[in-house]
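Below: the structure, in structure tokens.
Numbering of ligands and ligand atoms starts at 1, following listing order.
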Amino acid sequence: MLHKLIIALNNRLVRWRRIKVRPEEILLLLPHCLHKQSCPRNVMHSLDECRRCGQCSIGALTAIRDDLGVVACIAGGGREALAQTRRPEIKAVVAVACGKELVQGIFAAFPKPVLAVSNQTPEGPCRNTLADPATVIEAIESLMRGKE
Ligand code: SF4
């Protein structure tokens with residue numbers, strides 16, 4: 001509940017700031033639990049490994065990366081996620097994760113703006129989670145246009 005509140009407040013604040021950045025300055029940061037456990041593709045190494053078979057959210061999110069021209073990667077853990085957000089060319093982040101990890105990431109990445117998108121957990125936490133592509137697109141586009 002507290003996580004939801006912090007995420008909502010953070011997202012409202014980031015949108016209120018009307019940050020305008022180029023697509024290549026936006027990092028789409030994804031958790032490894034989005035990757036279907038039975039998939040043999042090494043998407044942790046590169047999203048280009050994904051064959052977009054539609055069995056998990058990684059395919060649609062990789063297509064979003066290519067369509068909008070943002071940077072995207074899967075982080076294996078909090079330390080790797082933070083290292084990615086601290087890359088100097090990255091000016092804003094759209095992060096997908098569970099509530100707890102999003103809140104940790106928002107504080108760790110500060111002052112870099114993070115728009116947080118909660119994943120869905122139909123099989124329970126940390127396993128074959130899902131991300132809503134429309135919500136991710138909306139978050140990216142709001143950073144690109146600099147308006148709410
Ligand atoms: S969309 Fe298919 S190929 Fe891509 S990561 Fe998911 S299961 Fe693997």
Pairs touching residues 23-34 that satisfy salt bridge (Lys or Arg N to Asp or Glu O under 4.0 Å), sequence neighbours left out:
R22-E24, R22-E25
Side chain to side chain, P23 and L68, heavy atoms closer than 4.5 Å
no
Any chance you could measure L13, atom CG, to I19, atom CD1, to the nearest 0.5 Å?
8.0 Å
Under the salt bridge (Lys or Arg N to Asp or Glu O under 4.0 Å) rule, what pairs show up with a residue in residues 97-123, not counting sequence neighbours?
E123-R127
According to salt bridge (Lys or Arg N to Asp or Glu O under 4.0 Å), does anything in residues 48-63 pair up with another residue at least two apart or in another chain? List the pairs.
R41-E49, D48-R65, R52-D66
I'd like to check I90 versus T85 (side-chain heavy atoms, cut-off strictly below 4.5 Å). Are they in contact?
no
Could you count the protein N, O or S atoms found under 2.8 Å away from atom 2 (Fe) of ligand 1?
1
Counting from 1 in the order shown, the ligand 1 atoms closer than 4.0 Å to a non-hydrogen atom of H35 are 5 (S)
